[in-house]
Amino acid sequence: MKKHFLGLCAALALAGASGAEADTIKVGIVAPFSGPFAIYGKQFKEGLEVFVKDYGTKAGAHDVEFVYKDSTGPNPDVSKQVTQELLIKDGVKYLGGYVFTPNALAVAPLITQSQTPTVIFNAATSVITKKSPFFVRTSFTLPQNSGPMADWAIANGIKTVVTAVTDYGPGVDAEKTFIKEFEAKGGKIVDKIRMPIKTTDFAPFMQRIKSDAPNALFVFIPAGPTAFSFTKSYSDNGLKAAGIQFLGTGDVDDETTLQALGDAAIGIKTAYPYSAAHKSALNDKLIAELAALHPDSKANFATVDAYDGAYVLYKMIAAAGTDGDAAIKAAKGLKWESARGPVSIDANNRSITENIYIREVAKNAKGELENKEIFTFKDVPDLGQAK
Ligand code: PHB
């Protein structure tokens with residue numbers, strides 16, 4: 001009898017739990033919505049809106065509600081504080097967003113302790129997913145872009161390169177991977193430059209690169225206003241005229257600012273998992289839906305990383321409700337067709353495997369600049385994990 005009674009209590013507790021689960025599950029989105037990097041928050045939010053238009057607000061039996069918090073910029077303390085607020089005050093059961101590596105690293109202990117599945121929409125240093133078993137990533141990593149860029153450079157007759165990277169996690173990952181791959185295949189690194197994250201005047205670096213006179217420059221700078229200044233500075237300082245090719249990760253020629261670079265940007269080559277000029281029915285659909293919701297917006301990597309991030313969040317919520325461990329199990333090995341091409345979540349490292357496209361800035365039929373895909377490296381995993 002007693003045994004039955006206990007069994008009933010357990011059953012009631014379970015029913016209670018699943019009853020609660022059928023309620024709304026909140027997902028906290030942490031990103032910059034103010035300051036120089038506010039474009040990320042805007043693009044993420046719009047990507048999620050397009051996703052909700054396609055998939056609705058229900059994941060399996062659960063209603064989903066997104067709650068947004070401003071991380072302001074590369075600021076780990078704010079990132080931690082707003083994440084704590086989301087977990088404690090708002091009661092979110094899932095998290096998403098996180099643009100900057102230090103911001104993602106700062107919340108690793110929190111999400112591990114609270115067992116909160118967290119989908120990184122951007123932060124791209126390889127090591128992040130090793131810092132908590134509850135991280136999943138739908139963006140890319142710098143090794144994933146930089147290895148293929150080095151291979152492409154060698155295959156296209158580039159023999160000498162100067163590397164220039166922002167001096168923090170993703171920049172160091174980009175530099176190390178590019179150099180290792182480029183030298184292994186016979187290329188020569190003439191100079192290595194690390195630029196402080198707060199740099200806004202790139203002229204001195206440009207003079208240094210010009211006097212190094214390599215075949216090409218390889219660069220990583222976090223996407224945003226400074227990446228735009230760097231790219232502009234390359235042509236303003238005569239590097240293009242001197243015949244020094246511009247190779248980079250796609251962070252440096254974001255689609256939202258590409259037109260403003262003008263014709264000087266033509267010929268820039270970058271490696272990235274997404275271009276708004278990607279030719280596929282799914283990408284056409286995403287771009288048309290975004291245009292219908294926000295006529296002045298342009299799809300970029302952040303739009304698609306958030307859209308795909310929501311896809312993974314919905315799959316986890318539908319499969320596992322509020323059980324964090326079960327949610328991560330459900331994310332591992334997921335495979336689907338994205339607007340960027342075929343993608344999957346690596347079951348071992350929880351980062352995304354995807355095509356990496358070499359893109360060249362060129363004019364399209366409408367006379368607008370675009371990142372035209374000129375070569376595809378298929379199904380590239382996070383190359384930084386193998387280290
Ligand atoms: C990062 O901090 O991980 C990061 C930020 C911006 C990028 C890429 C990586 O464009």
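As the structure lists them, so they are numbered: ligands from 1, and atoms in each ligand from 1. Since the model is a prediction, treat every value here as computed from it, not as a measurement.
For the pair Gln115/Asp325, a side-chain contact is recorded, criterion being any heavy-atom separation below 4.5 Å from C-beta on.
Using a heavy-atom distance under 4.0 Å as the criterion, the protein contacts of ligand 1 are Tyr40, Val99, Phe100, Thr101, Asn122, Ala123, Ala124, Tyr168, Pro170, Phe220, Pro222, Ala223, Asp251.
For the side-chain contact (heavy atoms from CB on, under 4.5 Å) test with Val252, the passing option among Leu261, Val219, Thr226 is Val219; the others fail.
Remark: Thr199 pairs with Met195, Pro196, Phe202, Phe205 by the side-chain contact (heavy atoms from CB on, under 4.5 Å) rule, at least two apart or across chains.
Residues Ser139 and Asp305 have side chains that never bring a donor and an acceptor to within less than 3.5 angstrom of each other.
Between the side chain of Gln43 and the backbone N or O of Ala306 there is no donor-acceptor pair closer than 3.5 Å.
A centroid separation of less than 6.0 Å is found between the aromatic rings of Phe51 and Tyr314.
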